[in-house]
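Note that the coordinates shown come from a computational prediction; the quantities given were computed from them, not determined experimentally. Values below: all heavy atoms of this structure, side chains included; hydrogens, waters and symmetry mates excluded. Starting from 1, each residue takes its place in the sequence as its number.
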Amino acid sequence: MSKASKDTLLSEFCSITSASQKDARRYLDKHQRRLDAAIDAYYQESASRSTVASTSKLNALFDKYKGESYLHMPSLITRIHTPDPSGDDISIDGTIQLCQDLKVDPENVVLLAVAYELKSPRVGEWNKKGWVEGGHDLGHCDTVDGMKDTLGRLRAKLGSDSTYFRKVYDHTFGFARTEGQRSLAIDTALAFWDLLLPTGLTGGALKHDLTGEDVDMDGEEHSGWTNEHTQWWFQFLTEKGGKGVSKDTWMMLFDFIRSIDSQFLTHDAEAAWPSAIDDFVAWARSVGKVPTPEKYDLETRNW
């Protein structure tokens with residue numbers, strides 16, 4: 001491997017993990033310059049070294065934000081859900097104050113990872129059981145400063161780790177859904193996709209998975225889903241309207257994004273995709289976003 005390639009890997013490792021160059025070299029050398037394997041090992045070993053969180057401090061931190069009333073600005077949190085501020089849970093006002101203390105925007109995608117880790121059942125709600133159990137699993141997050149440090153690690157992991165991204169992504173459906181509803185309102189789904197998908201695409205968690213690829217393509221066509229495709233998806237759902245986004249559509253979109261090529265050539269209409277995804281592919285072809293498969297010459301790889 002050339003020095004330039006090694007330097008690029010080193011830079012990518014440091015950018016994703018915020019590790020020192022010394023640590024980056026050590027992990028990359030140990031894992032034969034395989035970036036994904038080196039990053040996974042770094043996070044696993046970092047987690048094992050995390051300071052054990054104090055139960056009493058976790059309880060105290062929870063109680064600080066529970067049942068209090070603060071002035072706050074409208075945000076995605078308040079647009080999606082308004083839980084009862086009474087009771088033993090942290091509700092919206094406490095959540096907004098927590099975000100202010102952490103110096104993080106309430107609409108920052110990293111809070112979806114925090115919600116997953118601390119077992120938040122719904123937007124703007126945190127119960128003590130999930131807070132304490134999740135805090136112990138994370139380690140070193142029983143103070144505001146400790147949580148600030150944890151945010152950086154979670155943000156990097158969410159963007160780069162496909163398995164972890166999937167866990168947070170799956171949790172987000174129930175988290176964002178209004179209690180008693182089976183589906184997500186379209187505007188709600190679009191808002192959370194707009195947080196999650198760019199993060200996964202930029203960091204690599206949603207990179208094109210070539211496993212089982214049948215069509216051999218070169219160049220740009222080989223790249224898979226991009227931010228432009230996300231905007232097509234949003235346009236399609238907005239024009240289509242309807243009652244909402246089903247759990248099946250939400251969950252399967254992750255697999256579709258990772259498996260589909262940029263021209264949708266590998267889409268199999270006979271496979272078990274939700275009808276919304278099949279309809280999206282048909283719409284993209286009908287409006288000229290991508291050509292129809294019949295016009296693609298497999299021998300010349302030209303339209």
Measuring only between side-chain heavy atoms, which start at C-beta, is Leu61 closer than 4.5 Å to Asp142? no
Counting neighbours of NZ on Lys148 that are heavy atoms of other residues, nucleotides or ligands and sit closer than 6.0 Å, is the number greater than 12? yes
Look only at the side chain of Asn108 and the backbone of Leu111, and say whether a donor-acceptor pair between them is shorter than 3.5 Å. no
I'd like to know if the side chain of His229 reaches the main chain of Thr226, judged simply by a donor and an acceptor atom lying under 3.5 Å from each other, with no hydrogens or angles considered. yes
Pair Asp93-Tyr65, side chain to side chain contact (heavy atoms under 4.5 Å, CB included): steps then yes or no: CA-CA 8 Å; Asp93 288 329; Tyr65 299 103; over 6 Å; no
Looking only at atom types and distance, does a side-chain atom of Ser262 sit under 3.5 Å from a main-chain N or O of Gly224, one as donor and one as acceptor? no
Are the side chain of Arg153 and the backbone N or O of Lys157 linked by a donor-acceptor pair below 3.5 Å? no
Determine whether a donor-acceptor pair (N or O, by modelled atom type, separation under 3.5 Å) exists between the side chain of Arg166 and the backbone of Met251. yes
Assess whether a salt bridge exists between Asp137 and Lys119, defined as any Lys/Arg side-chain N lying under 4.0 Å from an Asp/Glu carboxylate O. yes
Can you confirm whether Leu112 sits close enough to Tyr169 that some side-chain heavy atom of one is under 4.5 Å from a side-chain heavy atom of the other? no
Side-chain contact, heavy-atom cut-off 4.5 Å: Asp149 with Asp145? no
Side-chain donor-acceptor pair present, Thr230, Trp193, cut-off under 3.5 Å: no
Just to verify, what does Lys240 make a salt bridge (charged side-chain N to carboxylate O under 4.0 Å, His left out) with, not counting sequence neighbours? none
Going through the distances and angles, do Gln97 and Asp101 end up as a side chain to side chain donor-acceptor pair (under 3.5 Å)? CA-CA 6 Å; Gln97 185 61 41; Asp101 291 348; 3.1 Å; yes
With sequence neighbours excluded, residues passing side-chain hydrogen bond (donor to acceptor under 3.5 Å, both in side chains) with Ser56: Ser54
Indicate yes or no for a side-chain donor-acceptor contact from Ser120 to the backbone of Glu125 under 3.5 Å, with no hydrogens or angles considered. yes
Using atom types as modelled, flag every donor-acceptor pair under 3.5 Å from a side chain in residues 267-280 to any protein atom, sequence neighbours excluded.
{"residue": "His267", "atom": "NE2", "partner": "Asp278", "partner atom": "OD1", "Å": "2.8"}
{"residue": "Asp268", "atom": "OD1", "partner": "Glu270", "partner atom": "N", "Å": "2.9"}

Tell me whether Arg122 contacts the main-chain N or O of Ala176 through its side chain, where contact means a donor paired with an acceptor under 3.5 Å. no
Residues Gly204 and Ser162: closest non-hydrogen pair is O-OG, 4.1 Å
Any side-chain heavy-atom pair from Tyr116 and Asp170 closer than 4.5 angstrom? no
Looking only at heavy atoms, which two atoms of Lys289 and Gln235 are closest? And how far apart? NZ-OE1, 3.6 Å
Are the side chains of Phe254 and Leu196 in contact, using a 4.5 Å heavy-atom criterion? no
Taking all non-hydrogen atoms of both residues into account, name the closest pair between Thr143 and Gly146 and its distance. OG1-N, 2.9 Å
Do Thr172 and Leu195 make a side-chain contact, defined as non-hydrogen atoms from C-beta onward lying under 4.5 Å apart? no
Compare every heavy atom of Ala113 with every heavy atom of Tyr164, then report the nearest pair and how far apart it is. OH-CB, 3.7 Å
Between the side chain of Arg285 and the main-chain N/O of Phe264, is any donor-acceptor distance below 3.5 Å? yes
So, are Asp63 and Lys128 salt-bridged, with charged N and O less than 4.0 Å apart? yes
Answer yes or no: is there a donor N or O on one side and an acceptor on the other, between the side chain of Ser11 and the main chain of Asp7, under 3.5 Å? no
Minimum heavy-atom distance Ala24-Phe13, with the two atoms named: CB-CD2, 3.4 Å
Could you tell me whether the side chain of Glu133 and the main chain of Trp131 form a donor-acceptor pair under 3.5 Å? no
Would you call Leu118 and Leu138 a side-chain contact if the rule is heavy atoms closer than 4.5 Å? yes
